[in-house]
Number of protein chains: 2
Amino acid sequence: MANRSDTKTRILDAAEKLFAERGFSETSLRLITSKAEVNLASVNYHFGSKKELIRAVLARYLDVFMPAAADAIVAVRSADANASLDDIFSTLVNPLLELNKLRAEGTTTFLQLLGRGYIESQGHLRWFITTHYGKYLSLFVKAVSESTPHIPPAEMFWRLHFTLGTVVFTMASADALTEIAEADFGEHNDIEAVIRKVIPYLSAGVSVPVNKDAN
Amino acid sequence: MANRSDTKTRILDAAEKLFAERGFSETSLRLITSKAEVNLASVNYHFGSKKELIRAVLARYLDVFMPAAADAIVAVRSADANASLDDIFSTLVNPLLELNKLRAEGTTTFLQLLGRGYIESQGHLRWFITTHYGKYLSLFVKAVSESTPHIPPAEMFWRLHFTLGTVVFTMASADALTEIAEADFGEHNDIEAVIRKVIPYLSAGVSVPVNKDAN
DNA sequence: GTTTAATTTAAACGAGTGTTTAAATTGAAT
DNA sequence: ATTCAATTTAAACACTCGTTTAAATTAAAC
């Protein structure tokens with residue numbers, strides 16, 4: 001046993017779990033390698049550095065999710081050229097849930113990693129995502145913008161970042177929130193339930209008419 | 001010169017700026033004390049520990065903002081018992097902008113600190129805020145809930161956390177976002193403009209009717 | 001002016017970090 | 001069986017971190 005890819009995978013599996021739970025900078029390589037039951041130095045041997053390990057962890061999900069999500073959006077829009085904003089957002093649900101087939105808790109882990117990434121990273125991760133997956137992001141922005149033509153581009157810029165904040169923050173603390181919700185209201189929510197709760201919230205916010213005479 | 005409170009204030013001023021910019025764990029005491037031009041050990045002498053310094057930095061804003069915001073909300077609701085959700089959110093704008101009179105860039109700094117706090121803290125800050133300012137938070141939640149009676153409590157729990165995520169994330173990266181917006185769309189936004197952009201977004205999301213037959 | 005307390009200072013401590021090194025081990029090809 | 005490259009291993013390196021210590025300095029009280 002223990003062929004080449006085994007150690008690499010053990011590291012990735014342990015790292016993604018810990019990164020999602022506690023964030024990147026709060027997770028040491030020693031903690032990762034002890035959970036993975038591999039030697040400390042093997043991280044630098046297989047990945048070169050901690051930064052590259054972080055990128056590899058994210059890439060393993062993004063390489064699956066991004067094309068699937070793009071395909072789904074293209075399909076929906078060619079089936080219905082006037083797909084609503086809610087339709088566009090809802091289209092992302094299936095590609096997200098498909099990640100559970102990739103690995104156990106895949107959807108939650110991916111969303112939490114995404115959240116940690118956007119929250120923590122100053123530069124290297126943002127750069128990595130926009131340069132490697134920029135064309136997908138453009139497609140998403142285009143689909144959203146064209147489904148809500150009454151929102152001017154500058155306003156849409158802000159609203160999409162509001163949306164990113166909502167998703168990222170919610171997912172980074174999703175575990176804690178579902179626990180509180182269960183304790184306080186007795187309703188159990190899995191990750192799909194949370195996603196389906198957030199979509200109407202986002203759709204309403206992004207598409208609300210701009211009040212010209214504000215202030 | 002350099003009497004007792006001078007050193008303390010120099011530390012707080014330097015710390016809040018750096019904490020807001022780079023986050024708590026990414027800001028070392030050595031960086032703070034060098035910017036403040038005080039000795040490294042004076043942080044532990046005056047504040048006891050880094051954690052207590054973080055709390056002191058936040059308390060300096062919360063002690064001003066929380067009572068002012070609570071008063072404003074009470075005033076609005078007694079003037080108009082049917083104040084809308086938008087009214088409630090808008091009521092917070094003035095207390096926020098008043099922080100600019102406390103210190104230069106006070107509003108931005110406070111909101112960014114709040115964002116960093118909710119993003120980074122695992123326990124001690126959440127505990128500090130809820131135990132010291134819990135009664136104000138309850139008042140806010142009550143005001144929001146009663147302005148949107150068609151949203152059941154469990155759903156409101158989630159939507160308020162979505163809202164928290166939007167605000168916190170937007171503010172933590174507000175500087176970067178205003179720069180991009182200026183470069184890409186040529187429109188300059190100060191902190192007040194961003195606040196006034198986010199309020200309609202939040203109001204629409206929080207108050208959107210619940211779709212019973214979702215899924 | 002002397003005493004006493006408060007504050008500032010330089011230095012070190014101990015623990016933790018990512019990374020590198022060089023030797024040991026493994027697996028496959030000859 | 002031997003060679004050779006790939007991989008794993010234990011150890012050390014160089015650095016940063018928050019915190020503590022004990023001496024030096026400053027300010028206040030008597």
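Numbered from 1 within each chain, the chains take letters A, B, ... in sequence-line order.
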With respect to the side chain of B:S28, which nucleotide from D:dG18, D:dT8, C:dT17 is positioned closest?
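Looking only at side-chain atoms, B:S28 lies closest to D:dG18.
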Regarding A:D190 and A:R196, does a basic nitrogen lie under 4.0 Å from an acidic carboxylate oxygen?
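So A:D190 does not pair with A:R196 through a salt bridge.
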Between A:K197 and A:E187, is there a salt bridge with N-O shorter than 4.0 Å?
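Looking at A:E187 and A:K197, the cut-off is met.
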Interatomic distance, [X] [atom1] vs [N] [atom2] [rounded to whole Å]:
X	N	atom1	atom2	value
B:R10	C:dT7	CZ	P	16 Å
B:I32	D:dT19	CD1	C1'	14 Å
A:N44	C:dT19	CG	C1'	5 Å
A:D6	D:dT7	CG	P	12 Å
A:L29	D:dA12	CG	C1'	16 Å
B:K50	D:dT16	NZ	C1'	11 Å
A:E26	D:dT16	CD	P	19 Å
A:R22	C:dG16	CZ	P	13 Å

How is A:T33 classified with respect to the nucleic acid when contacts are heavy atoms under 4.0 Å: base, sugar-phosphate, or nothing?
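It contacts nothing in the nucleic acid.
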Counting any heavy atom closer than 4.0 Å, what does B:S25 reach on the DNA or RNA strands: base, sugar-phosphate only, or nothing?
nothing
I'd like to know whether A:L99 forms a side-chain contact (heavy atoms from CB on, under 4.5 Å) with A:L111, so could you lay out the CA-CA distance, the side-chain angles of the two residues, the decisive distance to 0.1 Å, and finally the verdict.
CA-CA 10 Å; A:L99 299 176; A:L111 287 170; over 6 Å; no
At less than 4.0 Å, is any side-chain N or O atom of B:H46 found next to OP1 or OP2 of C:dT8? Yes or no.
yes
Roughly how far, to the nearest 0.5 Å, is CG of A:L160 from CD1 of A:I151?
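Rounded to the nearest 0.5 Å, the CD1-CG separation comes out at 10.5 Å.
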Rounded to the nearest 0.5 Å, how far does CG of B:L125 lie from CZ of B:F24?
5.5 Å
Would you say the ring centers of A:Y201 and B:F162 fall short of 6.0 Å from each other?
yes
Counterpart residues, ring pair (Phe, Tyr, Trp, His ring centres under 6.0 Å), relative to B:F89 (two or more places apart):
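For B:F89, no residue satisfies ring pair (Phe, Tyr, Trp, His ring centres under 6.0 Å) once neighbours in sequence are set aside.
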Where along residues 13-21 of chain B does a heavy atom fall under 4.0 Å from DNA chain C?
none
Flag yes if more than 12 heavy atoms outside B:K17 fall under 6.0 Å of its NZ atom; otherwise flag no.
no
Polar atom pairs (N or O), protein with nucleotides 9-13 of chain C, under 3.5 Å:
none

Cation-pi check, A:R103 to A:Y61: give yes when NZ or CZ is under 6.0 Å from the six-membered ring centre and within 45° of the ring axis, no otherwise.
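Positive - A:R103 is close enough to the ring of A:Y61 and near enough to its axis.
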